[in-house]
2 protein chains.
Amino acid sequence: MSRVVTIRTVAERAGCSIATVSRVINGSARTSAEVEARVRAAVEELGFRPSEIGRSLKTLRTRTLGVVIPSLTNPVFAASVAGMEAEARRRHHTLLLTATDYDAAREPEVVETLVAQSVAGLVLTVADADDNPTLDRLDAEGIPYVLVYNEPRRAERAAVSVDNAGATFTLAQAMIAQGHRRLVYLAGRFATSDRARTRYLGYLAAMEAAGLAPEPPLELDYLADPAGHGAAIAGVFGPPGRPTAALCSNDLLALSVMGALRVLGLRVPEDVSVAGFDGIALAGAAFPALATVDTPTRRMGERAVEKIFELLDGAAAPTLERLPFELRPGGTLAAAPDASPGAPARRQDDARPSQSASPETPSE
Amino acid sequence: MSRVVTIRTVAERAGCSIATVSRVINGSARTSAEVEARVRAAVEELGFRPSEIGRSLKTLRTRTLGVVIPSLTNPVFAASVAGMEAEARRRHHTLLLTATDYDAAREPEVVETLVAQSVAGLVLTVADADDNPTLDRLDAEGIPYVLVYNEPRRAERAAVSVDNAGATFTLAQAMIAQGHRRLVYLAGRFATSDRARTRYLGYLAAMEAAGLAPEPPLELDYLADPAGHGAAIAGVFGPPGRPTAALCSNDLLALSVMGALRVLGLRVPEDVSVAGFDGIALAGAAFPALATVDTPTRRMGERAVEKIFELLDGAAAPTLERLPFELRPGGTLAAAPDASPGAPARRQDDARPSQSASPETPSE
DNA sequence: CTGTTAGCGCATTCAA
DNA sequence: TTGAATGCGCTAACAG
């Protein structure tokens with residue numbers, strides 16, 4: 001139905017062979033101006049569009065890039081996919097998009113699907129970039145891929161990321177500088193994100209560098225189980241002697257944690273400071289604005305696609321590449337409640353107070 | 001390189017013909033248990049995965065859906081694409097994703113690209129669903145498609161949308177009920193969004209129903225020209241007798257307008273009330289929370305993909321389908337500054353139209 | 001400069 | 001139940 005006009009139709013109309021039509025279309029060889037004009041006319045009249053399928057079958061290569069991300073609902077990935085799309089389009093390629101919904105078990109099948117489509121390469125963010133049979137398989141089959149946000153230990157694994165541990169180290173340091181001594185690290189399930197794990201290392205390092213006692217990470221299933229999430233937060237921040245700062249593995253989690261803290265009657269940042277990671281727009285729009293690590297989300301996607309083409313062209317060997325990040329200050333990060341007033345406690349008061357935080361603020 | 005093992009390899013390993021392998025894989029015909037076992041073993045050992053390309057060339061149909069959206073950076077579309085992806089995956093299909101960056105001129109080429117890939121169908125949000133040569137071409141070629149958020153006048157054009165005009169009418173009514181009499185409608189460029197145009201009709205209707213004088217829409221190029229955007233806002237809200245309410249064609253614009261108003265020293269909602277459209281998370285996170293129309297963004301995408309399959313199966317004729325929306329109250333919508341604290345001003349006694357703006361000028 | 005021809009990987013018809 | 005053969009739309013190697 002949709003594909004009634006083929007290269008053969010055009011050849012008949014132009015009164016030449018299909019090879020010549022192909023040559024004109026692809027400019028793969030010289031043709032006489034006369035024939036070329038006839039062919040172009042025929043193409044125009046018939047509205048002919050060469051089938052990528054036929055072309056691919058011959059070439060065994062498509063103009064398609066496979067993309068695997070945890071979820072489009074997370075603005076981090078939406079932005080990086082937007083970058084990929086723009087860069088791919090610039091190179092006359094299209095994206096085949098799939099999501100795993102943060103389920104590592106789904107990685108093999110989506111990659112299978114993509115590979116079955118003969119994608120030219122893959123761009124993916126996986127749960128674990130080191131222990132990953134799916135990537136092993138891609139390596140074995142020589143299918144080029146670039147990871148995004150993952151930081152594989154193996155140097156031969158191409159990746160575009162940020163210094164996850166380093167950035168978190170810096171962020172934790174900033175919190176400590178504000179007088180916080182009991183910082184907790186909150187994350188989604190480690191099994192679904194090696195970034196969360198790597199960032200925890202940054203937290204550990206900062207705590208140790210400051211001579212503070214690090215605490216085990218709190219893994220929250222905030223996506224699948226919002227209720228249990230609130231309960232877990234209550235368990236940590238409810239009791240006296242609670243932490244004064246929450247370092248979250250990503251912005252979405254941080255926002256969710258802020259909500260849970262408010263439900264507990266705790267004020268941010270007066271009672272508890274909060275910080276995130278990623279630098280999504282949502283973080284800046286929140287009130288108070290979320291302190292976070294600003295990562296070049298869109299650029300990451302662009303760069304990943306550039307890199308895939310470098311691999312395809314054999315122009316470069318796969319490497320781990322870290323893009324620059326920046327600490328983004330925000331109202332959610334303030335001096336610790338028990339910090340001495342001499343400390344650089346600063347909080348802009350230009351914004352009006354949100355209705356009423358619970359009157360009885362347990363300040364201890 | 002990547003495609004070393006074909007159906008032929010499997011056939012040799014299993015000691016049978018490629019036809020038999022095909023039969024086993026697709027269950028298209030009965031085979032003896034013995035041969036089937038051998039084939040499955042060979043498939044397993046070789047890690048064989050049938051090439052979608054080969055299959056498609058034969059079938060002339062792929063398991064791929066083409067998607068065209070203005071931009072992934074707008075959370076509305078990110079969410080709806082997330083819905084499409086989930087629904088497509090459920091049906092063993094993949095998405096070929098493209099974006100136009102709000103440039104209608106790019107629609108023909110991206111659709112061409114998608115069609116050249118022999119997608120099974122298309123899901124798209126276009127600039128103008130009525131006057132659109134690209135859609136005409138799809139109609140002519142009988143390629144099935146479903147529009148999202150567009151509301152084509154032609155009933156034969158399949159679409160999943162909301163009642164854009166109706167929702168805006170309701171929202172404008174809510175503003176009027178708060179005592180606002182000078183409402184302006186702000187939009188991105190109409191040329192890039194028929195939704196913005198349709199929503200304006202809702203504004204018009206509400207103004208007329210209330211006996212108020214509607215104003216011409218203010219088209220802002222807030223994406224391409226943030227600076228000019230601020231200046232335009234200043235032009236409208238700077239002078240005395242300024243409007244007390246801004247009805248924006250979408251949430252992203254509304255957020256941007258809020259920022260521009262603050263730069264002018266105007267408070268939201270004390271000086272100016274603001275409302276948006278879409279119901280993105282960003283709107284709820286903003287402070288004050290943005291009053292808006294909550295639309296089922298993700299569900300729209302899911303439903304669109306369901307609908308594409310209904311069309312493909314011939315199970316249904318293309319229709320325009322409107323999903324329910326909901327008014328989402330927010331702190332940005334409050335009583336008009338000059339409204340009497342008593343009852344919502346309905347002004348049916350006052351015959352004089354636009355004369356009366358707020359005589360009390362700003363109090364910065 | 002142009003035409004003929006041989007596959008690319010697969011599903012499918014036709015025989016056996 | 002199975003195998004051989006055909007062709008989907010196209011590119012590329014080879015003749016002419």
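What you are looking at is a predicted structure, and each value in this text was computed from that prediction instead of being measured. Here is how names work: the chains are called A, B, and so on, in the same order as the sequence lines, proteins then strands, and each is numbered from 1.
- Atom CZ of B:Arg8 and atom P of D:dA5 are 12 Å apart (whole Å).
- Residue-level contact check: B:Val21 touches neither bases nor backbone, having no heavy atom under 4.0 Å from any strand.
- A residue-by-residue look at B:Leu57 and B:Arg30 shows that B:Arg30 has its nearest nucleotide of DNA chain D further toward the 5' end.
- Heavy-atom minimum distance, A:Pro152 versus A:Leu320: O-CD2, 3.9 Å.
- The phosphate of C:dG9 has neither OP1 nor OP2 within less than 4.0 Å of any side-chain N or O from B:Ser51.
- The nearest heavy atom of DNA chain C to A:Glu36 and to B:Asn26 marks one nucleotide each, and the one closer to the 5' end goes with A:Glu36.
- If you measure from atom CD of B:Gln117 to atom P of D:dC10, you get 13 Å, rounded to the nearest angstrom.
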Please walk me through it: do B:Arg40 and B:Glu36 pass salt bridge (charged side-chain N to carboxylate O under 4.0 Å, His left out)?
CA-CA 6 Å; B:Arg40 295 207 183 281; B:Glu36 176 173 340; 3.1 Å; yes

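- Nearest-nucleotide positions on DNA chain D place B:Ala33 closer to the 5' end than the other of A:Lys58 and B:Ala33.
- One N or O donor and one acceptor, one from the side chain of B:Arg23 and one from the base of D:dG3, sit under 3.5 Å apart.
- At the heavy-atom level, A:Ile53 lies nowhere under 4.0 Å from the strands shown.
- The side chain of A:Arg55 contributes no N or O atom lying less than 4.0 Å from OP1 or OP2 of D:dG9.
- Nucleotide C:dA11 holds its C1' atom 13 Å from the CD atom of B:Glu52, rounded to whole Å.
- Listed pair B:Thr20 / D:dG3 meets the phosphate criterion, a side-chain N or O lying under 4.0 Å from OP1 or OP2.
- Closest heavy-atom contact between A:Ala120 and A:His93: CB-CE1, 4.4 Å.
- Computed from coordinates, the A:Leu60 CG to D:dC10 P distance equals 16 Å when rounded to whole Å.
- The interatomic distance linking B:Leu46 (CG) with C:dG9 (P) rounds to 14 Å, in whole Å.
- For the pair B:Ile18 CD1 and C:dC8 P, the computed distance is 11 Å after rounding to whole Å.
- The nearest whole Å value for the distance from the CZ atom in B:Phe48 to the C1' atom in C:dA11 is 12 Å.
- Among D:dA4, D:dT2, C:dC10, the nucleotide with an atom closest to any side-chain atom of B:Thr31 is D:dT2.
- Residues B:Asp128 and B:Arg195 are not paired through a salt bridge, judged by the lack of any N-O separation under 4.0 Å between the basic side chain and the carboxylate.
- Look at A:Ser22 and you won't find any side-chain N or O under 4.0 angstrom from OP1 or OP2 of D:dC10.
- In this structure, A:Ile25 atom CD1 and C:dT2 atom C1' are separated by 16 Å, rounded to whole Å.
- For the side chain to side chain contact (heavy atoms under 4.5 Å, CB included) criterion with A:Lys307, the lone passing option out of A:Thr319, A:Val148, A:Leu147, A:Val123 is A:Thr319.
- When the side-chain nitrogen and oxygen atoms of A:Ser32 are compared with OP1 and OP2 of C:dT2, one or more of them lie within a distance under 4.0 Å.
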